[in-house]
Amino acid sequence: MAAVQQQQAMQKNTLYVGGLADEVNESILHAAFIPFGDIKDVKTPLDQANQKHRSFGFVTFLEREDASAAMDNMDGAELYGRVLTVNYALPEKIKGGEQGWAAHPLWADADTWFERQQQEKEMLKIQAENKAAMETAEELHRKKLAEDRQGEMEEDTDIKDDPMARAEADALNHDSAQ
C-alpha cells in the first residue's frame with residue numbers, strides 16, 4: 001500500500017514537458033521550471049539513433065503544489081520558439097523500474113485476476129442462459145407456426161369434404177374469373 005501511495009505521490013510531482021526545441025537540454029529545462037519550486041530531477045530521454053532528446057522531458061518537483069503551479073503556468077508557454085505541453089506524467093509501466101511492473105510482486109494482482117476469472121465465468125453462465133432462453137423461444141415460435149399451418153390445412157380439408165363449402169369456393173372462383 002505504501003508503494004502505491006509513493007507511486008501516486010511521485011506521479012503528481014512529476015511533469016511531462018512536451019514540444020521541446022532541439023537546443024533545450026536538461027539544464028535549460030531545469031532553469032525554466034526552477035521558479036516554481038525545488039526540483040528533484042530533470043530528465044530528457046535520448047533517441048538512441050542520434051543521441052538527441054526526443055523533444056520531451058520530465059521534471060520532478062519535491063512538492064506537489066510546486067508541480068501543480070508549474071503545470072498551470074508553463075502549459076502553453078513558449079521556450080526557444082516552441083510551445084510547451086505540460087501535464088502530469090503517467091507512471092512508466094512497460095519498461096518497469098521504480099514505478100512499473102518490475103517493482104510489483106507476481107502475486108500483487110492475484111485478487112483482481114481471481115475477480116476477472118469469476119466475472120468471466122458469470123458472464124459465460126449468463127450467455128448460456130440467454131442462449132437457452134432464445135432457443136426455447138424459437139422452438140415455441142416454430143411450434144406455433146406449425147400449428148397455424150396445420151389449422152390452415154384443416155380448413156382446406158374442410159372445404160374439400162363439405163360439398164356446400166366446395167360449391168361456394170367454386171362459385172367464388174368462377175365469379176372472379178369472369
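Predicted, not measured: the structure shown is a model, and the values here were computed from it. Atoms considered below: every heavy atom in the structure, side chains included; atoms not considered: hydrogens, waters and symmetry mates.
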> At what distance, to the nearest 0.5 angstrom, does CG of Asp66 lie from OG1 of Thr60?
12.5 Å
> Do Phe56 and Ile39 sit in one hydrophobic cluster, given that two such residues count as connected whenever their side-chain heavy atoms are within less than 4.5 Å of each other, even indirectly?
no
> Report the C-alpha separation of Lys131 and Glu135 in whole Å, then their side-chain angles, then the decisive distance to 0.1 Å, and conclude whether the side chain to side chain contact (heavy atoms under 4.5 Å, CB included) test is met.
CA-CA 6 Å; Lys131 185 178 178 183; Glu135 287 173 355; 3.4 Å; yes
> Starting from the C-alpha separation in whole Å, work towards a yes-or-no answer on side chain to side chain contact (heavy atoms under 4.5 Å, CB included) for Leu29 and Val17.
CA-CA 9 Å; Leu29 196 57; Val17 183; 4.0 Å; yes
> Which is it for Val86 and Tyr16 under the side chain to side chain contact (heavy atoms under 4.5 Å, CB included) test, yes or no, and what are the steps along the way?
CA-CA 6 Å; Val86 182; Tyr16 162 85; over 6 Å; no
> Output yes when Glu138 and Arg142 qualify as a salt bridge under the 4.0 Å nitrogen-oxygen rule, no when they do not.
yes
> Does Glu122 have more than 12 heavy atoms from other residues, nucleotides or ligands lying within 6.0 Å of its CD?
no
> Kindly work out whether a path of hydrophobic side-chain contacts (I/L/V/M/F/W/Y, heavy atoms less than 4.5 Å apart) joins Phe58 to Phe33.
no
> Looking at every non-hydrogen atom in both residues, tell me the closest pair between Gly19 and Arg82 and how far apart they are.
O-CB, 3.2 Å
> With a 4.5 Å cut-off on side-chain heavy-atom distances among I, L, V, M, F, W and Y, is there a chain of contacts connecting Tyr88 to Met74?
yes
> Decide yes or no on side chain to side chain contact (heavy atoms under 4.5 Å, CB included) for Met71 and Phe36, but give the supporting numbers first.
CA-CA 9 Å; Met71 185 177 69; Phe36 302 102; over 6 Å; no
> Do Leu62 and Val59 sit in the same hydrophobic cluster, where Ile, Leu, Val, Met, Phe, Trp and Tyr count as joined when their side-chain heavy atoms come under 4.5 Å apart?
no
> Quick one: which of Asp38, Ile34, Leu15, Thr14 gives a side chain to side chain contact (heavy atoms under 4.5 Å, CB included) with Phe61?
Leu15
> May I ask you to say whether Lys43 pairs ionically with Asp41, meaning some side-chain N is under 4.0 Å from a carboxylate O?
yes
> Distance from Asp22 atom CG to Asn50 atom CG, nearest 0.5 Å?
8.5 Å
> Side chain of Thr136, backbone of Ala132: donor and acceptor closer than 3.5 Å?
yes
